[in-house]
2 protein chains.
Amino acid sequence: MQETTTEAAPRTYWYPEREDITIYGILAALSDPTRLGIVRAIAAREECCPFDFLDVTSKQNLTHHFKVLRESGLVQARYEGRQKFVSLRRELIDDMFPGLLDGLLNAVAASEKR
Amino acid sequence: MQETTTEAAPRTYWYPEREDITIYGILAALSDPTRLGIVRAIAAREECCPFDFLDVTSKQNLTHHFKVLRESGLVQARYEGRQKFVSLRRELIDDMFPGLLDGLLNAVAASEKR
DNA sequence: TTATTAGTACAAGATGTATTGTACCATGCC
DNA sequence: GGCATGGTACAATACATCTTGTACTAATAA
């Protein structure tokens, strides 16, 4: 007999609504070297896979950091086969905090050119 | 007889050198509501006294938050009588991370105008 | 000199965070 | 089916952070 209980779809996660996103959560998310590196990489190439950062830290830790980024409101993810593709929630963040992401990423990039 | 041991001047504190200031420390410092409020107030009126924020939290906690701001490299302080006057290290931060402070403060201000 | 005031020092408790194990799930390939 | 792979769940640890108490210093005013 077919199982009829409704189960949550696998790999479906909670995302903060607009009113739950704060500048504090965003800045805290970006205050970690690993996570800022991830966000910079995503900003540069639209999407990225956690797998790309295995040289930085362990995969469990990457899961943790991507969770922090997701819960801050900064990123969203889609799953394709076994892979996860993460992207910035650009429109939302730019609408809520205009100039924040660009200003911050530019400032970080500029600070490295010395 | 006069005491001849050399003692540290009172209320003289350590400040991070340029090479010890990181974007991570700055973002972490700004990721707290109390501290971001303090920095916004300083940015608006050049200087401020911790005393101004006694309605926000206790004075011991203010000492703590101002210490975090100082050690991140964001602020400097001078003492006049009993009072402490805190200001942003604007030139340094703007030189190290051009556009960061303005972009961030503008984004926060804009997010409140809705 | 005594009291008051702005601020600090230090310890303690509660909470949050980063990281590493071990185990597990979901997908794709043989 | 069996196995490898990308990713997650959960517990445990170490460490950092926020906040409050109590006690203290430095400067002003009486």
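Everything numeric here is computed off the predicted structure, so don't read it as measured data. Chain letters run A, B, ... following the sequence lines, proteins first and then strands; every chain starts at 1.
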Q: Do nucleotides 20-30 of chain D as a string where each nucleotide becomes B, S or -: B if the base has a protein heavy atom under 4.0 Å, S if just the sugar-phosphate does, - if no protein is that close.
A: BBB--BSBB--
Q: Kindly say if A:Tyr79 contacts the phosphate of D:dG6, meaning a side-chain N or O under 4.0 Å from OP1 or OP2.
A: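 Answer is no, no contact under 4.0 Å.
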Q. Quick one: is D:dA9 close enough that its OP1 or OP2 comes under 4.0 Å of any side-chain N or O from A:Lys67?
A.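 For D:dA9, OP1/OP2 do not have a side-chain N/O of A:Lys67 under 4.0 Å.
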(Q) Just to be sure I understand the rule, does A:Tyr13 reach a base, reach only the sugar-phosphate, or reach nothing, if contact means heavy atoms closer than 4.0 Å? (A)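 Touches sugar-phosphate only.
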Interatomic spacing from [atom1] in [X] to [atom2] in [Y] - rounded to 0.5 Å:
X       : Y       : atom1 : atom2 : value
A:Leu88 : A:Cys48 : CG    : SG    : 8.5 Å
A:Phe66 : A:Glu71 : CZ    : CD    : 14.0 Å
B:Leu30 : A:Ile23 : CG    : CD1   : 9.0 Å

Q) Between which nucleotides of DNA chain C, read 5' to 3', does contact with chain A run, using atoms under 4.0 Å from its heavy atoms? A)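 Result: C:dA18 to C:dG28.
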Q. Is the CD atom of B:Glu19 crowded by more than 12 outside heavy atoms at less than 6.0 Å?
A.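 Yes, the 6.0 Å shell around CD holds more than 12 heavy atoms from other groups.
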Q. Is the count of non-hydrogen atoms from other residues, nucleotides or ligands lying under 6.0 Å from A:Glu47 atom CD greater than 12?
A.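 More than 12 within 6.0 Å, yes.
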Mind calculating the distance between [atom1] ([X]) and [atom2] ([N]) to the nearest angstrom?
X       : N      : atom1 : atom2 : answer
B:Leu62 : D:dT19 : CG    : C1'   : 11 Å
B:Phe66 : D:dT19 : CZ    : C1'   : 16 Å
A:Asp52 : D:dG6  : CG    : C1'   : 12 Å

Q: Side-chain contact test, heavy atoms from C-beta onward, threshold under 4.5 Å: evaluate it for B:Val86 versus B:Gln76 and give yes or no.
A: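 Of all side-chain heavy-atom pairs linking B:Gln76 with B:Val86, none is under 4.5 Å.
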Q) Is there a side-chain contact between A:Arg35 and A:Val39 (heavy atoms, below 4.5 Å)? A)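 Result no, sub-4.5 Å side-chain heavy-atom pair not found.
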Q) Do A:Val108 and B:Leu104 share a hydrophobic cluster (ILVMFWY, side-chain heavy atoms under 4.5 Å, transitive)? A)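 Looking at the clustering, B:Leu104 is in the same group as A:Val108.
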Q. With a cutoff of under 4.5 Å between side-chain heavy atoms, which Ile, Leu, Val, Met, Phe, Trp and Tyr residues group with A:Tyr13?
A.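 Its cluster partners, ordered by chain and number, are A:Tyr79.
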Q: Output the residues of residues 14-35 of chain A in contact with DNA chain D, where contact means a heavy atom of the residue under 4.0 Å from an atom of the strand; sort by number or write none.
A: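 Under 4.0 Å from DNA chain D: no residue of residues 14-35 of chain A.
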Q. Who passes salt bridge (charged side-chain N to carboxylate O under 4.0 Å, His left out) against B:Glu80, sequence neighbours left out?
A.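 Listed in chain order: B:Arg78.
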Q | side-chain hydrogen bond (donor to acceptor under 3.5 Å, both in side chains): pairs with one or both residues in residues 83-93 of chain A, sequence neighbours excluded | A |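 Non-adjacent pairs meeting side-chain hydrogen bond (donor to acceptor under 3.5 Å, both in side chains): A:Arg90-A:Asp94, A:Arg90-A:Asp102.
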